[in-house]
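What follows is one structure encoded as structure tokens, with my remarks underneath.
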Amino acid sequence: MPASDIRIIQPSSDIHIFNLPHYCPVNGTVDETAQKIRDMTIRGAGRIARAGSEALGDFARSYKGNDIDRFREDLKKAADTILSSRPTAVSLLNGVNYTIKGADREESVDAARELIIRNSELFCESSLKAAETVARIGAKRIADGDVIMTHCNSSMAIGVIKEAFRQGKDIRVYATESRPWRQGLITVRQLAEAGIDTTLIIDSAVRTVMEWTDKVFVGADTVTSQGYLVNKIGTSQLALSADEARVPFYCCTETYKFSPLTIDGDIVPIEERDVSEVVSPGDIPGSVKVFNPVFDTTPAKYIDAYITEEGVLSPGSVYGIMIEKFGYNRKE
Ligand code: RUB
């Protein structure tokens, strides 16, 4: 059953493609970035947040015109364009909001421009710094000789694993293929390049390999106020297998992947992508439906800890950090 604060888009009788909100062309950089996020040239929750923030910084930098009202309208369209590119990772929303914060109070285009450029730089810097902190903290959870499993391609989980290896710990990693996009191939390449003993497994081998795994490290697209994790499809299967095998399950994430919207009851939309990512024309009879959800939900009870730049958190303490970081703007 889906968690109460998660919406799964159910397969319809026809092929269902996630309905992207209205797309407003603004300028080259914003449009190009949105397109790259949409087609997954830029992917991963942290990267899309930084790319979206940078695109808005570039938008402000290259903006021609002095009419502040017009600027605000164009900025809103630019932000909407970025936000429409992928629906699930709240990092994108939090990154965009951080970048444009305060711009509506500025009275000149020059002042708003400066503010946005500064916000964008600050967001990207703090995002990269958070990643370093998470790597340092998370590496302490890895012991010499550990066998680790990871899923998909999370720069945060990989950062933790690489840091432990850099510290001289002798580790082995199993990385899932992550059908249909096979982001696992990126992961094994990155780990092998770092010199780590790495084995690629198909997604359905998770339960078998869990028997000799010591710890699981994954990333996050969104974390809800209940401490539930939304991440690449299949994450919840790793969590269930880990629970059954008494293997600790860690999520490595910056706190800007916490969704303040979920405090107010908003649901996390689960993106569904085109069937062509799963099958090619002619592979299956035309009457067969294909359902391709790309993220899933792991209930809080299966997560041992969130490893964040604020420290190691229990799922139950996510709410407090959310309030601290984002406040609570209840919509009336
Ligand atoms: C990637 C994915 C990653 C998170 C976290 O999905 O689910 O685990 O985004 O990544 P996709 P990171 O390939 O569909 O974007 O830790 O790099 O932010």
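Note that the numbering runs from 1 along the sequence shown for the chain. Counting convention: from 1, in listed order, for ligands and their atoms alike.
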Report yes if some heavy atom in the side chain of [X] is under 4.5 Å from a heavy atom in the side chain of [Y]; otherwise report no.
{"X": "T176", "Y": "V206", "result": "yes"}
{"X": "R43", "Y": "I37", "result": "no"}
{"X": "I196", "Y": "K162", "result": "yes"}
{"X": "E54", "Y": "E121", "result": "no"}
{"X": "T150", "Y": "V173", "result": "yes"}
{"X": "F217", "Y": "I142", "result": "yes"}

Heavy atom under 4.0 Å from ligand 1: found in [X]'s side chain, backbone, both, or neither?
{"X": "A220", "answer": "backbone"}
{"X": "W181", "answer": "neither"}
{"X": "Q183", "answer": "side chain"}
{"X": "H151", "answer": "neither"}

Note: [X]-[Y] ion pair, threshold 4.0 Å (strictly below):
{"X": "D146", "Y": "K215", "answer": "yes"}
{"X": "E310", "Y": "K325", "answer": "yes"}
{"X": "E309", "Y": "K129", "answer": "no"}
{"X": "R72", "Y": "E106", "answer": "no"}

Can you report which non-hydrogen protein atom sits closest to [atom], along with the distance?
{"atom": "atom 9 (O) of ligand 1", "value": "A45 N, 2.9 Å"}
{"atom": "atom 1 (C) of ligand 1", "value": "R43 NH2, 3.6 Å"}
{"atom": "atom 7 (O) of ligand 1", "value": "D221 OD1, 2.9 Å"}
{"atom": "atom 16 (O) of ligand 1", "value": "S154 OG, 2.8 Å"}
{"atom": "atom 17 (O) of ligand 1", "value": "S155 OG, 2.6 Å"}
{"atom": "atom 14 (O) of ligand 1", "value": "K232 NZ, 2.7 Å"}
{"atom": "atom 3 (C) of ligand 1", "value": "N231 OD1, 3.5 Å"}

### Task
Give the minimum heavy-atom separation between C252 and V160, together with the two atoms involved.
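Taking C252 first and V160 second, the nearest heavy atoms are SG-CG2, 3.8 Å.
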### Task
Could you establish whether A89 and ligand 1 come within less than 4.0 Å of each other, counting only heavy atoms on the residue side?
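Flag not set, A89 not near ligand 1.
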### Query
When only distance counts, is F295 in polar contact with ligand 1, meaning an N/O pair under 3.5 Å?
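It does not: no N or O of F295 is found under 3.5 Å from an N or O of ligand 1.
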#### Entry: Min N/O separation E254 to ligand 1 under 3.5 Å
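So ligand 1 has no N or O lying under 3.5 Å from an N or O of E254.
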Which of the atoms of ligand 1 are close to [X], meaning less than 4.0 Å from one of its heavy atoms?
{"X": "K257", "result": "12 (P), 16 (O), 18 (O)"}
{"X": "G46", "result": "18 (O)"}
{"X": "C152", "result": "1 (C), 2 (C)"}
{"X": "M156", "result": "16 (O)"}
{"X": "M40", "result": "13 (O), 14 (O)"}
{"X": "G44", "result": "9 (O), 15 (O)"}
{"X": "R86", "result": "11 (P), 14 (O), 15 (O)"}

### Message
Can you tell me which residue among N94, T224, T253, T222 is in a side-chain contact (heavy atoms from CB on, under 4.5 Å) with F258?
### Response
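So the option named by the test is T253.
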### Task
Just do the salt bridge (Lys or Arg N to Asp or Glu O under 4.0 Å) check on R86 and E271 with the steps written out, would you?
CA-CA 7 Å; R86 281 194 92 180; E271 179 183 11; 2.9 Å; yes
